[in-house]
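The structure appears below as structure tokens.
No hydrogens, no waters, no symmetry mates; every other heavy atom, side chains included, goes into these values. Below, chains carry the letters A, B, ... as their sequence lines are ordered, and counting in each starts from 1.
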Amino acid sequence: MPQRILAQIIEQRELTPSHYRLRLAAPEIAQTAKAGQYVHVLPRATHSFDPLLRRAFSIMRAAEDAIDILYRIEGRGTALLARRKAGETIDVLGPLGLPFAPLTTHNILVGGGVGVPPLVLLAAQAVPEVRIQALIGARAATEIIGQEDFRDYDVPVEVATDDGSAGHQGLVTDLLERQLSQSGLTGQGLTVFACGPLPMLRVVAAMSQRYKVPCQVSLEENMPCGVGVCNGCVVPVLGAGDDYGNYRRICVDGPVLWANEVNWGHYSGDSC
Amino acid sequence: MPQRILAQIIEQRELTPSHYRLRLAAPEIAQTAKAGQYVHVLPRATHSFDPLLRRAFSIMRAAEDAIDILYRIEGRGTALLARRKAGETIDVLGPLGLPFAPLTTHNILVGGGVGVPPLVLLAAQAVPEVRIQALIGARAATEIIGQEDFRDYDVPVEVATDDGSAGHQGLVTDLLERQLSQSGLTGQGLTVFACGPLPMLRVVAAMSQRYKVPCQVSLEENMPCGVGVCNGCVVPVLGAGDDYGNYRRICVDGPVLWANEVNWGHYSGDSC
Amino acid sequence: MASLATQLGPLKLQNPIMTASGTFGYGEEIANFMDISHLGAVVCKTVTRAPRAGNAPPRTCETAAGMLNAIGLQNVGVERFITEKLPYLRQFAVPLIVNIAGETIEDFGLLAQALSQQAGVAALELNISCPNVAHGLDFATDPVLTEQVVAHARAATHLPIIAKLSPNVTDITLIARAAEAGGADAVSLVNTFVGMAVNIHTRRPRLSNISGGLSGPAIKPLALRAVYRCAQVLGIPLIGIGGIMNAQDAIEFFIAGASAVQVGTATFVQPGAALEVIQGLESYMDKYAIASIKELVGSIITT
Amino acid sequence: MASLATQLGPLKLQNPIMTASGTFGYGEEIANFMDISHLGAVVCKTVTRAPRAGNAPPRTCETAAGMLNAIGLQNVGVERFITEKLPYLRQFAVPLIVNIAGETIEDFGLLAQALSQQAGVAALELNISCPNVAHGLDFATDPVLTEQVVAHARAATHLPIIAKLSPNVTDITLIARAAEAGGADAVSLVNTFVGMAVNIHTRRPRLSNISGGLSGPAIKPLALRAVYRCAQVLGIPLIGIGGIMNAQDAIEFFIAGASAVQVGTATFVQPGAALEVIQGLESYMDKYAIASIKELVGSIITT
Ligand SMILES: Cc1cc2nc3c(=O)[nH]c(=O)nc-3n(C[C@H](O)[C@H](O)[C@H](O)COP(=O)(O)OP(=O)(O)OC[C@H]3O[C@@H](n4cnc5c(N)ncnc54)[C@H](O)[C@@H]3O)c2cc1C
Ligand SMILES: Cc1cc2nc3c(=O)[nH]c(=O)nc-3n(C[C@H](O)[C@H](O)[C@H](O)COP(=O)(O)OP(=O)(O)OC[C@H]3O[C@@H](n4cnc5c(N)ncnc54)[C@H](O)[C@@H]3O)c2cc1C
Ligand SMILES: Cc1cc2nc3c(=O)[nH]c(=O)nc-3n(C[C@H](O)[C@H](O)[C@H](O)COP(=O)(O)O)c2cc1C
Ligand SMILES: Cc1cc2nc3c(=O)[nH]c(=O)nc-3n(C[C@H](O)[C@H](O)[C@H](O)COP(=O)(O)O)c2cc1C
Ligand code: FES
Ligand code: FES
């Protein structure tokens, strides 16, 4: 059950001038959160109505009655969030959304930019029996997210950067292609879990389909409510969709969908 | 010349849960500010447009390249201002407005509530020759403003509180009546300077007129711009008014007016 | 304790706070966050004759102290509404106002008829003012059509009828009077204002539908003025809508002449917003010793 | 360096950023905060035939991301404007657009005539859309009157004429086309939206005039939509106005079809706001290698 809580900020850590990791005291959320779920955070003061709406962030860590989120400064909301200091409280709704499907025997986690956080929690919540390979894409070495977290969970990591300042110079999907073509695990209980920018997800989805590997993607849309009442956050799906047509609300019926459910051809994903 | 500066907060001191004294590093303003002038402060973050406009606060102290303002939490703007912490910067325009007229041989300063701050600066900027008596009105002992400041400047102070928790139980205008009726100074270079709630100013103005003592009042109106371009902050005056009719813009042609210039009968002063 | 009971023509409410159509779904989700039975009434998402898929995403976009939406009346259609949604909503001890929209006058009549036969429907709100579908604004921008559509629905049902009007007009009092003439028991003001936003990096509109409806605090002063003006000329009760985030906002609408209010966008920010409004309203009435909400309605002093 | 030069019919501007009427006074005060000669043009406070005292205070009130004003066209009247204000404004090397308002069609003609004879007046903006005076909105809510008043002013002056329109209408394109038919060289969109606010403690309106005009960021999406729609149907240039706080906002208006913009309420917050918009616009054009502002105007992609 999602809760609305006023969570105290335990730590606001600046990772780069535009990346922050925020730890919040939120026992109600920490104790039930599952990988892939998110929190909906109100960055503004109650005395201001601008920016008006909450912002969604994946839960990256849920332990010791606290949750971590990791965010990049994108616009006004994240800029305001970055000004909040330890000790202050912040209005948080969560955990929201449907989590990732259970891990299978073999798993490849593909994260791009600030898409890595939910995959970190997925690795953290894994039982020891499953095998996981993490692939991380970033613009540059300084912006690689989650590498140490994965190492802490003994998950092997490969990295790709746009500028070649760390790991493979190129796209994270190059790494995925290599894994899929070399591993020989397709059809043997292998699943791909991906979160990142839409162009990356498109390629991951197509590649997984080509290799006939089941693939889950975590999607983004503007989310006014996060609880399923506004119908604002829909993405086009193949087949039945939700109650309301050929669209599915990713706030409650996502953000994680099976890649083969998404109607990629009708999904432009321009968001505001 | 008014300046727009990004002033660093030197100190944000909580006097009561609803009264704060803010010290700002603002050499350009501190060096030229005269008693009765004010600063126009933007309480919100630049990433938010709500509340939209600046808020006016009288300059209470101008020394050592810093200015002090003292404010009470009234609404959204002051609530946001109170959340700002030392070290942060804040957007300030000032000094604005016309100052008080020069002090005369004898002077009575009448301040109610958060109307006291400009009178404190008036006392601070006085030459030693002039004689000053300060009268302060407050709801209760805990809300008395400026008493210690006046003492630092060797200005005698009398206090009135609504609840009698300090000084005279009753109105500050009771104290003024006593001064005017007993001092025998009317007509002998005595001037009254007043700032406070409108009902108080009405009484002060009427009383001063009755005793034929010149009186200056510092007025309040909603002030969108503070620099004279919106015509939003007008009060009705007798006679010519400003350029624009029987009204005067108190942001630039005030906030201090001679009490006998104000058209009290047409001045409702409801502000939003 | 102050009495919050209010009346919209034949419709009696325990308090004057309801949810706004399209911001409450069909209740299933919000029930996790508040006890719906404490509301004055619930208004569910617009129902149309046929199911509607709605507009392509992006459907929403935040603006200064507001948001644009172009959902496009996505809904399951009246048949599935009756079989799948109504049974759930019926269980709450709170009046259900079903919001309906049609493309033609006949659509409104057929919907009104179909819903009148269902248990648990307390009233109908006619959405003649949706800016996000083709011809959505045709009715509420024309007094003649407004009167006709209301009269047609009136003839088709015994239920109380509320006409939901658009603020995108030169003189809303003309439309409100037309709704009254057509037999509406109340009017609700306002639906959203048509607006748009542009992404300066892609040079594309931020909504796939190009334009959308503006809601939230940004529109409150405009909505309040519409309510005030209509309150001067109408003989039927008004429901105020637009930017109500808290009790203070709601109280402004009551003073300006609204007999009830709807909470819309605020629910997106706080799923329990409508209940917080009720609590704040009670405190205010206690503080000012206002015995009944009826004393507050239209009590504005303009002299 | 990108070229910011733009043209409004016969009126050539070094850049497309101007001040909005009523938010710049007659220039005397703002000159302390910025070099006025860097602007594209200045538009001064509305001038009427006789001096006007304006409305009683309170005249303004803040709302969510916006403000209401009911100044009531306080001004010195055209005679004193010419003798006392014009000489000051004339000294800047920047086109002066004088904004005029009348109660009758004849008033507009007489004002146009009187101002045409003065050196230093580059164009006239007809304020047919002030919501805060009796009959202020009569013209801009009626296409026939709009065409008549513009045509009458047209006949009375050789100066370029800009018609400033009201957003408080059902279909602003009808009014804009009427202004074009009357001979306007450009239209400016929009004046303020009529709104109100109530003090819940006194139960009084927060403005002495009861209602006022809403400006600021809150209205930007609505103003932008008005510009976009009119840009689809007009043959004359448009000036965008409404909630422009920074260069990003201005760029949205250019993309939607405005050839120039006016900065209003933003000047209250930052007296130098208009110059900051110019600087931000230059950076944006450099970043995207846009050689001329003309490439940007109306470049919205809706496919
Ligand atoms: C389920 C879910 C989980 C998420 N998890 C995370 C997470 O863990 N970490 C994270 O960082 N984010 C996450 N996000 C994304 C996050 O919600 C958004 O980044 C956030 O809402 C942005 O809010 P904002 O107010 O800062 O930006 P907004 O106000 O939305 O504005 C975005 C900014 O981008 C600018 N912009 C748009 N297009 C361009 C362009 N082409 N070039 C340059 N600038 C442009 C706009 O001008 C604007 O300033 C998640 C989203 C969802 C839906
Ligand atoms: C020249 C000048 C100098 C000033 N100097 C000072 C100074 O030195 N110190 C100082 O503290 N202030 C000073 N002020 C006043 C100060 O500007 C205001 O207090 C401030 O602007 C309030 O801003 P706000 O955003 O907090 O309140 P606003 O947003 O303006 O709201 C005021 C609040 O009061 C509430 N309210 C209104 N009426 C009632 C009522 N009857 N009962 C209960 N609540 C009500 C409203 O709901 C609202 O929340 C000065 C003003 C001027 C013009
Ligand atoms: C996302 C969204 C969807 C809406 N859908 C509907 C709808 O289906 N039918 C309707 O009559 N009004 C709809 N509205 C309008 C609201 O009911 C309400 O009139 C409007 O949002 C103004 O109120 P607010 O500012 O409190 O949100 C919708 C509003 C929003 C924001
Ligand atoms: C205080 C104030 C006074 C105004 N006075 C006038 C006026 O005299 N004439 C006029 O044509 N417009 C007037 N306007 C309207 C502005 O020129 C502009 O159209 C409107 O404020 C919207 O732009 P903004 O949101 O940038 O302020 C006034 C606006 C404000 C806020
Ligand atoms: S964000 Fe409102 S339905 Fe998904
Ligand atoms: S506050 Fe704008 S003229 Fe005084």
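Annotation: maximal heavy-atom pairing with chain D below 4.5 Å, among C:Phe193, C:Phe253, C:Phe254, occurs at C:Phe193. Of the listed residues (D:Asn168, D:Leu222, D:Thr63), the greatest number of heavy-atom pairs within a distance under 4.5 Å of chain C belongs to D:Leu222. Ranked by heavy-atom pairs under 4.5 Å with chain C, the list D:Ser166, D:Pro221, D:Ala218 is led by D:Pro221. Looking only at heavy-atom pairs under 4.5 Å with chain D, the residue among C:His201, C:Met245, C:Lys220, C:Lys287 that has the most is C:His201. Across D:Ile219, D:Leu214, D:Asp171, the residue that shares the most heavy-atom pairs under 4.5 angstrom with chain C is D:Leu214.
Proximity to chain D (any heavy atom under 4.5 Å) is restricted, for C:Tyr284, to the side chain, taken from C-beta onward. With a 4.5 angstrom heavy-atom cutoff, C:Ile251 touches chain D via backbone and side-chain atoms both. Looking at D:Ile255, the atoms closer than 4.5 Å to chain C (heavy atoms on both sides) all sit in the side chain, from C-beta outward. Contact annotation for C:Tyr288: only side-chain heavy atoms (C-beta onward) come within less than 4.5 Å of a heavy atom of chain D. Only the side chain of D:Leu68 comes within less than 4.5 Å of a heavy atom of chain C; its backbone N, CA, C and O stay farther away.
Residues D:Ser211 and C:Arg225 approach most closely at OG-NH1, 3.2 Å, considering heavy atoms.
In this structure, CD1 on C:Ile210 lies 11.5 Å from CZ on D:Arg229, to the nearest 0.5 angstrom.
Using non-hydrogen atoms only and a strict 4.5 Å limit, the part of residues 290-303 of chain D facing chain C consists of D:Ile290, D:Glu295, D:Leu296, D:Ser299, D:Ile300, D:Ile301, D:Thr302, D:Thr303.
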